[in-house]
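Here the structure comes first, spelled out in C-alpha cells, and everything after it is commentary.
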Amino acid sequence: MWLVWYSGGESGTFLTRITPSTGEVTSYPSPVDSPDGFAVRGDRAVLSRRDHNQWTVELVHAEFDGAAWAVTSRRRVEVPGRVVLRCGQGRDGVLWLRTGDTWLRTRA
C-alpha cells in the first residue's frame, strides 16, 4: 500500500510504502512536489498536479527502482472542465480525475 504525504516544512512531499503483513513503513521523496492525485501499480505510478481553476492538469508517470522514484514522462492534458482541489483519486493502479462534471481515468 502506498500513500502521499506533505511534511509541512521545507522537506517536501513523500511517497510512503506500508507493508500490511509486517507493518514496515518506508518513505521516499516524491518525484513531484505537492501532487494532487496519485495511483501506483507495482513499480509504476501516475501523479497529477492541477492548474487551479483551469482546464488543464499535468500528468507525471514515474518508476520505482527499489531505492527512489524517477519521472519517466510528463504531459499537460486539456480536460473537459475546471480542475478543483483534491481532484485525483487513485486505486489499484488507476488515477481518476474529477474535472467539471466528468471523471477521467489514467493508468499507472
Side-chain angles (χ1 to χ4, degrees):
M1 170 185 327
W2 286 90
L3 62 97
V4 175
W5 59 279
Y6 309 96
S7 69
E10 304 234 351
S11 299
T13 305
F14 294 88
L15 305 182
T16 296
R17 179 172 47 195
I18 302 167
T19 306
S21 61
T22 65
E24 180 182 359
V25 176
T26 310
S27 294
Y28 306 91
S30 172
V32 176
D33 187 39
S34 301
D36 202 56
F38 171 69
V40 66
R41 174 166 292 181
D43 61 354
R44 295 174 300 142
V46 60
L47 300 97
S48 65
R49 284 186 50 144
R50 71 189 174 101
D51 290 329
H52 177 66
N53 223 15
Q54 298 298 312
W55 293 46
T56 61
V57 65
E58 180 184 31
L59 294 178
V60 178
H61 284 85
E63 286 189 11
F64 183 66
D65 67 6
W69 285 96
V71 172
T72 57
S73 70
R74 288 180 187 268
R75 66 184 167 118
R76 184 151 315 279
V77 178
E78 289 187 27
V79 292
R82 287 195 171 92
V83 181
V84 297
L85 184 63
R86 309 282 185 256
C87 66
Q89 304 292 322
R91 182 175 180 174
D92 298 330
V94 176
L95 178 62
W96 291 91
L97 297 172
R98 176 76 169 164
T99 65
D101 291 331
T102 305
W103 285 96
L104 303 175
R105 184 175 87 171
T106 303
R107 293 184 189 273

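Sequential numbering from 1 along the given sequence is applied to the chain's residues.
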Heavy atoms, side chains only, cut-off 4.5 Å: are [X] and [Y] in contact?
| X | Y | result |
| --- | --- | --- |
| D33 | R49 | yes |
| V32 | S48 | no |
| V57 | L97 | yes |

Sequence-distant partners of W5, ring-ring contact (aromatic ring centres under 6.0 Å, His included), two or more places apart: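 So W5 forms a ring-ring contact (aromatic ring centres under 6.0 Å, His included) with F14.
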
Taking all heavy atoms of [X] and all of [Y], pick out the closest pair and write down the distance.
| X | Y | answer |
| --- | --- | --- |
| S34 | Y6 | CA-CE2, 3.4 Å |
| A39 | A108 | O-CB, 3.9 Å |
| L95 | L47 | CD2-C, 4.4 Å |
| R41 | G93 | CB-CA, 3.7 Å |

Can you tell me if D101 has over 12 outside heavy atoms packed within less than 6.0 Å of its CG?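 It does not: D101 CG has 12 such atoms or fewer within range.
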
Indicate every side-chain donor-acceptor pair of residues 67-81 with a distance under 3.5 Å to a residue at least two apart or in another chain.
{"residue": "T72", "atom": "OG1", "partner": "H61", "partner atom": "O", "Å": "3.1"}
{"residue": "R74", "atom": "NH1", "partner": "E58", "partner atom": "OE2", "Å": "3.1"}
{"residue": "R76", "atom": "NH1", "partner": "D51", "partner atom": "OD1", "Å": "3.4"}
{"residue": "R76", "atom": "NH1", "partner": "D51", "partner atom": "OD2", "Å": "2.7"}

Could you tell me the separation between the CE atom of M1 and the OG1 atom of T19, rounded to the nearest 0.5 Å?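 Between atom CE of M1 and atom OG1 of T19 there are 9.5 Å.
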
Which atom pairs, one a donor and one an acceptor, fall under 3.5 Å between side chains of residues 22-29 and the rest of the protein, sequence neighbours left out?
{"residue": "T22", "atom": "OG1", "partner": "E24", "partner atom": "N", "Å": "3.2"}
{"residue": "S27", "atom": "OG", "partner": "T16", "partner atom": "OG1", "Å": "2.6"}
{"residue": "Y28", "atom": "OH", "partner": "R17", "partner atom": "NH2", "Å": "3.4"}

Just to verify, what does D43 make a side chain to side chain contact (heavy atoms under 4.5 Å, CB included) with, not counting sequence neighbours?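 For D43, the residues satisfying side chain to side chain contact (heavy atoms under 4.5 Å, CB included) (neighbours in sequence not counted) are F64.
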
Could you list the cluster mates of W96? Members are the ILVMFWY residues connected by side-chain heavy atoms closer than 4.5 Å, either directly or through other members.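 V94, W103, which link up through side-chain heavy atoms under 4.5 Å apart, make up the rest of the cluster.
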
